[in-house]
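Note that the numbering runs from 1 along the sequence shown for the chain. Computation of the quantities below employed the complete heavy-atom set of this structure, encompassing side-chain atoms and omitting hydrogens, waters and symmetry-equivalent molecules.
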Amino acid sequence: MRPADSDAGRIADVDALRGAALFGILLVNVNAFASAFYGAGVGDPTYHGVVDHAARALVAVLFEMKFYLLFSFLFGYSVTLQMAAAERAGEPLLGRMLRRQAGLLAIGLAHGALLFYGDILTIYALLGLVLLALRHRTDSAALRLAAWLIGMSAAVWLGLGLLQWVSGERLNRAAAIAQALTAQEAYRAEPWRVVVQRVSELPSVWATLLAIQAPCAMAMFLVGFVAGRRELLRNVPAHRPLFRRLLWVGGVIGAPGALLYAWLSQRLVGSGWDVVGLGVCVLTAPLLSAAYGSALLLGFHTRKGRVLAGWLAPAGRMALSNYLAQSMVCALLFTGYGFGLIGRVSPLAAGGVAALLFALQLPLSRWWLRRFAYGPAEWLLRALTIARWPRWRRVEGA
């Protein structure tokens, strides 16, 4: 049987796609937990073997800057489902969405301070308000704005990278290494020092997220919102020609961009060309993300793909709970909250941790949703959204 709506307003293909995006995000985030040098502009000095560099390059090519875009697309799509839910409930949309975004902001702030400095929920909460303000735009206007956001963001990074290269300005590697080592020591220390370090990094991390990820995330919000209004994911087979075109066009353009980004960001760090690589990635990653999403959606409607979708959908349905749980486990493994393994795990081993963790979340999500109507974080966010306590236990036969 084809993946179909599971509860009122739910679309199993959306949940399964969200589950796949969640895994891609984890494979990137685990590297930030495992090394204080991630995103520092210099390579981790403990990564010097061929396998280490190959594992990092693989993550850069296939996952970095791709799956958060897919997740952002689904966030925009889900806003149309929230609008439909508000209409079914006969409730004003604005108050409902403002409560939801406020709840997401509170969860994001706690997540960033206590578990993971690279929290994206805070940015999503703020950008969701922008999307809400833009909801009356026509589809064509929304798509033009999305293209403008991606194009202008890419142009800025390409220009900055070339300017850095022409000026001869280079990153102070010694200072960057010293800063990363100081952070690593703090993350291995007592829990209170871990929190202090996280909070101290939040302003710079949020500035980076706003500069690099926010414009593209907003663009994908808009694309997802348009797709939701057109109900593209409610009946994937009916739109198979579109998804096939996105798969081929996105792959042909996006894959070379991903390879160039990975090579420049890994081999020419601090030269300006790594920033040029970022600009290339900003421009092409949305297309590769579209190719990924299209391949998954088409695959979900094959015999083997239905099995995969059946496992992914529960994890995607409680994606917020799983995202927070991933950060909890990684914080326990890599910081002074628990084992303090930051700087002591290879990129390949970190990827193995991510794969094992997600493999455990798949059956746990299925088990949970057979008994409960929502994931724990989803239940809390829904309570804030509808301003009353939703049912907790799953109704027998639902």
Check this for me: [X], atom [atom1], are more than 12 non-hydrogen atoms of other residues, nucleotides or ligands nearer than 6.0 Å?
| X | atom1 | result |
| --- | --- | --- |
| Q179 | CD | no |
| W206 | CH2 | yes |
| W148 | CH2 | no |

Over 60° means perpendicular and under 30° means parallel, so classify the ring planes of [Y] and [X], tilted if in between.
| X | Y | result |
| --- | --- | --- |
| F116 | H111 | perpendicular |
| W392 | W379 | perpendicular |
| H239 | F243 | perpendicular |
| F221 | F75 | parallel |

For the residue pair [X] and [Y], what are the closest heavy atoms and their distance?
| X | Y | answer |
| --- | --- | --- |
| V236 | H301 | CB-NE2, 3.6 Å |
| F300 | L17 | CE1-N, 3.8 Å |
| W311 | P363 | CZ3-CA, 3.8 Å |
| A211 | W157 | O-NE1, 3.6 Å |
| L149 | A219 | CD1-N, 3.9 Å |
| Q361 | N322 | NE2-O, 3.1 Å |

Does [X] reach the main-chain N or O of [Y] with its side chain, forming a donor-acceptor pair under 3.5 Å?
| X | Y | value |
| --- | --- | --- |
| D119 | T122 | yes |
| Q197 | A183 | no |
| S294 | A290 | yes |
| R188 | I342 | yes |
| S167 | Q164 | yes |
| Y292 | G250 | no |
| E378 | S321 | yes |
| T302 | G299 | yes |
| K66 | A21 | no |
| R371 | W367 | yes |

(request) Check the pair I386 / R99 against side-chain contact (heavy atoms from CB on, under 4.5 Å), numbers first and verdict last. (result) CA-CA 8 Å; I386 64 177; R99 290 191 297 271; 5.6 Å; no
Would you check if [X] and [Y] make a side-chain contact, meaning some heavy-atom pair closer than 4.5 Å?
| X | Y | value |
| --- | --- | --- |
| L74 | S72 | no |
| L364 | W368 | no |
| R244 | L247 | no |
| L381 | L320 | yes |
| I120 | Q213 | yes |
| F37 | L181 | yes |
| Y77 | V14 | yes |
| F334 | V345 | yes |

Could you see if [X] belongs to whatever hydrophobic cluster contains [Y]? Use Ile, Leu, Val, Met, Phe, Trp, Tyr and a side-chain cutoff under 4.5 Å.
| X | Y | value |
| --- | --- | --- |
| L288 | W263 | no |
| L264 | V61 | no |
| L242 | F225 | yes |
| L104 | V130 | yes |
| L158 | L160 | no |

(message) The test is side-chain hydrogen bond (donor to acceptor under 3.5 Å, both in side chains); show your working for Y261 and E64 and say whether it passes.
(response) CA-CA 10 Å; Y261 159 72; E64 284 182 2; 2.6 Å; yes
(request) With sequence neighbours excluded, give me every side chain to side chain donor-acceptor pair (under 3.5 Å) pair touching residues 337-352. (result)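 Qualifying pairs: none.
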Let me confirm one number: the [atom1]-[atom2] distance from [X] to [Y], rounded to the nearest 0.5 Å.
| X | Y | atom1 | atom2 | answer |
| --- | --- | --- | --- | --- |
| M83 | S78 | CE | OG | 11.5 Å |
| T335 | L115 | OG1 | CG | 8.5 Å |
| R234 | I11 | CZ | CD1 | 3.5 Å |
| L70 | I25 | CG | CD1 | 8.0 Å |
| D13 | L312 | CG | CG | 11.0 Å |
| D15 | L22 | CG | CG | 12.0 Å |

(request) Would you check, one step at a time, whether the test side-chain hydrogen bond (donor to acceptor under 3.5 Å, both in side chains) holds for Y374 with R382? (result) CA-CA 9 Å; Y374 307 96; R382 180 163 178 79; 2.8 Å; yes
(message) Evaluate L324 against L121 for side-chain contact (heavy atoms from CB on, under 4.5 Å), listing each step before the verdict.
(response) CA-CA 10 Å; L324 297 174; L121 299 177; 4.2 Å; yes
(message) Do the side chains of E91 and R388 get close enough for a salt bridge, i.e. N-O under 4.0 angstrom?
(response)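 Yes, E91 and R388 are salt-bridged.
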(request) Go through the steps for Y68 and S289 under the test side-chain hydrogen bond (donor to acceptor under 3.5 Å, both in side chains), then give the verdict. (result) CA-CA 9 Å; Y68 93 91; S289 296; over 6 Å; no
Enumerate donor-acceptor pairs with a distance under 3.5 Å from any side-chain N or O in residues 274-286 to protein atoms, sequence neighbours excluded.
from	atom 1	to	atom 2	distance (Å)
D274	OD1	G272	N	3.1
D274	OD2	G270	N	2.9
T284	OG1	V280	O	2.9

(message) If you apply the rule side-chain contact (heavy atoms from CB on, under 4.5 Å), what do you find for L143 with V226, and how did you get there?
(response) CA-CA 8 Å; L143 294 176; V226 171; 4.1 Å; yes
(request) Could you give me the CA-CA distance, side-chain angles and deciding distance for L129 and M97, then say whether side-chain contact (heavy atoms from CB on, under 4.5 Å) is met? (result) CA-CA 8 Å; L129 297 176; M97 291 301 297; over 6 Å; no
